[in-house]
Enquirer: 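This is the structure I have questions about; it appears just below.
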Amino acid sequence: DTPLKLHLLYRDDIEKLKSKKWQPKLYLTAEEHEVVDKKGTVLVLGRSGTGKTLCIANRMDRDRELDSSVTQLFVARSRRICKYVRNLVERSNNVSESCMYMTFTGFLERCETILNVKRSSWGKSGRIDFTRFKLECYNKSCTLGPLIVWSQIRSFIKGSIEAIKNGRPLTREEYYELGRNRCRLSREQREAAYSAYEYYQSILDSQGELWDDTDRMIQLLRCIRGASADALAKLRVKKIYVDEIQDYTQAEIAAFFYLGSPGGLFLAGDNAQSVVEGVDFRFDEVRSIGHTLFDGDIRYIPDKPVKVRVNFRSHSGILNMAAAILDRLFAAFPKSVSALERDTGAFSGPRPGLIQKMSNTMLTQLVERIDGVVLLTHDEKVDEIRKVVGDEVMVFGIRYSKGLEFPHVIIVDFFSSLPESDQKAWKSLLSIRSDQVSGVEKLKDESPEVETQLKLLYTAITRCSKRLFLAERESSIAGNQFFKWSKMKKDDQPPLSVEQSVDDVDRLQKTADEWVASGVECGMQAETEMENDLEKARFWLKRAAADFTKGGHAEFYDRAMAHLEAVDIAEKITSIEKDSNSRLPVELELNASLAILALLKHSLVEQANRMMIDYVTPFVSEYTKRRLEKEVVSHLPTLAEDVDGAQIVH
């Protein structure tokens with residue numbers, strides 16, 4: 001029941017297999033070949049696990065084969081995805097200095113550096129994200145939920161292409177005039193949303209240091225439009241490739257259009273996985289950016305999305321449930337997701353297991369039966385579940401897990417954790433036949449939050465490749481109806497799921513190689529977290545070290561521990577207030593130096609580079625800094641390329 005990676009090997013490539021560094025290209029279906037070979041700016045639509053990222057890597061290869069001097073930029077939210085794509089592109093030692101891999105944060109910083117944009121306005125302490133908005137800036141008297149309001153602000157009022165072109169947020173009347181297919185709220189709901197925006201903006205205006213990501217994006221776009229020819233020449237890249245395009249607002253996507261060449265964008269995503277807080281995404285809005293910014297110039301306007309449908313990650317047992325969730329999403333919110341034929345699974349496999357009224361003891365017992373199982377829940381419930389199962393078990397929020405995949409998954413308390421106000425809406429959604437569309441149409445007006453909840457459930461289900469379980473510790477209206485619905489036969493088809501008890505679940509054990517592979521995945525995720533959250537990076541490195549121990553790989557264990565020691569020292573350094581007179585305590589400076597040496601000893605050159613630049617040089621004298629940059633830092637990127645390929649800008 002495990003999908004395989006299929007590689008393409010020619011007779012002339014057989015000798016290359018002797019090299020440990022060389023890997024054959026992954027096999028492409030005819031559908032994927034069509035996507036890779038399509039001319040002009042391309043939009044790619046495919047559900048989870050259908051090979052969208054693989055298409056990006058092969059398109060990058062193809063573009064370089066057609067033009068060896070082409071400049072290329074790959075962008076993703078996740079550093080982990082950047083590394084994955086870099087490895088795919090360079091699998092046959094095909095390294096190009098004109099190819100860059102950046103997280104979106106790195107992309108913004110590069111643009112701001114070249115354009116000399118002052119970053120003093122964007123202090124971390126003043127940033128308003130959704131969590132802070134909900135706690136500090138949301139008008140509690142609003143009839144709409146905070147997530148709906150946040151999405152209207154980020155995606156439409158401040159972050160729409162009309163707002164960008166006008167150079168200001170939409171007026172109330174302009175917001176009301178947005179088409180209903182695009183902004184799916186009623187007139188009455190829009191009135192409430194705009195009033196909530198005015199309340200929020202008044203808080204930002206009264207406290208000058210507060211800002212959100214859209215404010216930063218608006219300033220950057222303004223600077224791009226007013227930039228000199230020399231600055232634009234440094235910024236522009238002939239080919240730009242973006243993964244998970246559904247995670248970006250129109251304002252953010254506009255930057256790619258401004259800085260790419262005509263017909264030079266390759267954008268892949270799936271709006272069924274549009275669960276980033278504040279982003280309301282449709283592929284039609286990507287096409288409208290070209291129309292609006294370039295006055296209908298067809299060179300900038302992509303065709304409708306090309307589609308990939310064969311799923312190589314999950315087997316049919318999981319895909320059937322995921323498809324059934326999407327059917328309900330289409331019925332209740334018909335304009336929220338691009339329609340696709342159901343994914344075709346390359347393999348069959350077991351149906352998801354359902355466990356109701358699960359006690360904490362039963363949950364712990366189930367976890368103990370499945371080596372390396374991952375628990376997914378609502379992001380705000382993670383700490384609660386982790387206290388039940390212990391720190392050794394991987395527990396993640398669904399939003400956090402997007403872009404990752406795991407062999408075995410337990411989705412915990414999804415339904416019982418839904419707001420009480422949405423419980424009956426879920427019962428209505430799951431009570432009617434799939435052809436009774438009229439029965440659920442009212443949901444889009446009465447319970448708009450259910451749209452995002454459906455996407456979250458779909459995202460959680462599709463993280464799994466082998467065995468999936470849905471467990472509820474408490475009874476709920478939505479959960480009871482889901483369990484009833486998923487166990488029913490439909491149109492002479494078997495039920496989507498099977499009810500199980502903990503005793504029914506066979507012991508699932510990992511081999512030593514699987515533990516090592518899991519440790520490598522954990523190490524990659526730690527790298528992703530290094531930019532913003534050292535505590536999470538520490539968690540992942542501890543997991544990696546534990547997995548390497550179980551897999552019996554001493555060398556990788558030593559690497560993980562060296563990296564963990566560096567993270568511990570980095571955290572101590574970040575607690576020091578930086579100013580012109582700041583210096584590291586002698587003992588801490590010594591420990592930081594030893595940590596860098598340990599990283600280099602274990603060939604973790606990129607990590608040593610970051611440690612030096614981000615955590616050591618800001619605290620040394622100008623003379624020492626110049627010596628370090630000349631004698632150490634300037635050599636680290638070259639060393640890193642020798643060890644692990646091109647650098648990733650984070």
Enquirer: Go through the structure and list residues passing side-chain hydrogen bond (donor to acceptor under 3.5 Å, both in side chains) with Q72, not counting sequence neighbours.
Expert: R64, Y241
Enquirer: Is the shortest heavy-atom distance from the side chain of E90 to the side chain of Y101 under 4.5 Å?
Expert: yes
Enquirer: Sub-3.5 Å donor-acceptor pair from the side chain of S314 to the main-chain atoms of L319, do we have one?
Expert: no
Enquirer: Check the side chains of R399 and T459 for a donor-acceptor pair under 3.5 angstrom, ignoring hydrogens and angles.
Expert: no
Enquirer: Using the ring pair (Phe, Tyr, Trp, His ring centres under 6.0 Å) criterion, which residues pair with F539? Sequence neighbours excluded.
Expert: none
Enquirer: Checking K402 now: which residues fulfil salt bridge (charged side-chain N to carboxylate O under 4.0 Å, His left out) with it, not counting sequence neighbours?
Expert: E244, D247
Enquirer: Answer yes or no: is there a donor N or O on one side and an acceptor on the other, between the side chain of S486 and the main chain of S497, under 3.5 Å?
Expert: no
Enquirer: Salt bridge (charged side-chain N to carboxylate O under 4.0 Å, His left out) with E380: which residues, sequence neighbours excluded?
Expert: none
Enquirer: Can you name the residues that form a side-chain hydrogen bond (donor to acceptor under 3.5 Å, both in side chains) with N58, not counting sequence neighbours?
Expert: none
Enquirer: Tell me, please, which residues at least two apart from D503 pass salt bridge (charged side-chain N to carboxylate O under 4.0 Å, His left out).
Expert: R369
Enquirer: I'd like to know if the side chain of R559 reaches the main chain of H602, judged simply by a donor and an acceptor atom lying under 3.5 Å from each other, with no hydrogens or angles considered.
Expert: yes
Enquirer: List for me each residue that meets ring pair (Phe, Tyr, Trp, His ring centres under 6.0 Å) alongside W515, sequence neighbours excluded, and say none if there are none.
Expert: none
Enquirer: Can you find a pair of side-chain heavy atoms, one from M530 and one from E606, that are under 4.5 Å apart?
Expert: no
Enquirer: Checking the side chain of R386 only, and the main-chain atoms of D391 only, is there a donor and an acceptor separated by less than 3.5 Å?
Expert: no
Enquirer: Ring pair (Phe, Tyr, Trp, His ring centres under 6.0 Å) with Y248: which residues, sequence neighbours excluded?
Expert: F104, F256
Enquirer: Given side chains that start at C-beta, do those of V85 and M60 come closer than 4.5 Å, heavy atoms only?
Expert: yes
Enquirer: So that I can tick it off, tell me whether D243 and K52 are bridged by a salt bridge, with the cut-off set at under 4.0 angstrom between side-chain N and carboxylate O.
Expert: no
Enquirer: Measure the shortest side-chain to side-chain distance between L496 and P352 over non-hydrogen atoms and say whether it is less than 4.5 angstrom.
Expert: no
Enquirer: Look only at the side chain of D504 and the backbone of S501, and say whether a donor-acceptor pair between them is shorter than 3.5 Å.
Expert: yes
Enquirer: Mind jotting down which residue pairs meet the ring-ring contact (aromatic ring centres under 6.0 Å, His included) criterion with at least one end in residues 362-392? Sequence neighbours excluded, please.
Expert: H378-F414
Enquirer: Is there side-chain contact between D212 and W150, with at least one heavy-atom pair below 4.5 Å?
Expert: yes
Enquirer: With no hydrogens and no angle check, just 3.5 Å: does a side-chain donor-acceptor pair link S465 and E405?
Expert: no
Enquirer: Less than 4.5 Å apart, side chain to side chain, heavy atoms only: is that true for F482 and L470?
Expert: yes
Enquirer: For E252, which residues count as a salt bridge (charged side-chain N to carboxylate O under 4.0 Å, His left out) partner, sequence neighbours excluded?
Expert: R77, R154
Enquirer: If only atom types and distance count, is the side chain of D379 paired as donor or acceptor with the main-chain N or O of I398 below 3.5 Å?
Expert: yes
Enquirer: Between K572 and E587 (salt bridge meaning N to carboxylate O under 4.0 Å), is one present in this structure?
Expert: no
Enquirer: Can you list everything that forms a side chain to side chain contact (heavy atoms under 4.5 Å, CB included) with N360? Sequence neighbours excluded, please.
Expert: V388, R473
Enquirer: Quick one: does E384's side chain have a donor or acceptor within less than 3.5 Å of a partner on K381's backbone?
Expert: no
Enquirer: Mind checking ring pair (Phe, Tyr, Trp, His ring centres under 6.0 Å) for H408 and listing every partner two or more places apart, or none if nothing turns up?
Expert: none
Enquirer: Using modelled atom types only, decide if a donor and an acceptor are shared between the side chain of T103 and the backbone of G106 within a distance under 3.5 Å.
Expert: yes
Enquirer: Would the distance check show the side chain of N609 and the main-chain N or O of V605 forming a donor-acceptor pair, the cut-off being under 3.5 Å?
Expert: no
Enquirer: Once the angle between the rings of Y400 and F396 is folded into 0 to 90°, is it parallel (under 30°), tilted (30 to 60°) or perpendicular (over 60°)?
Expert: tilted
Enquirer: Looking only at atom types and distance, does a side-chain atom of E472 sit under 3.5 Å from a main-chain N or O of S416, one as donor and one as acceptor?
Expert: yes
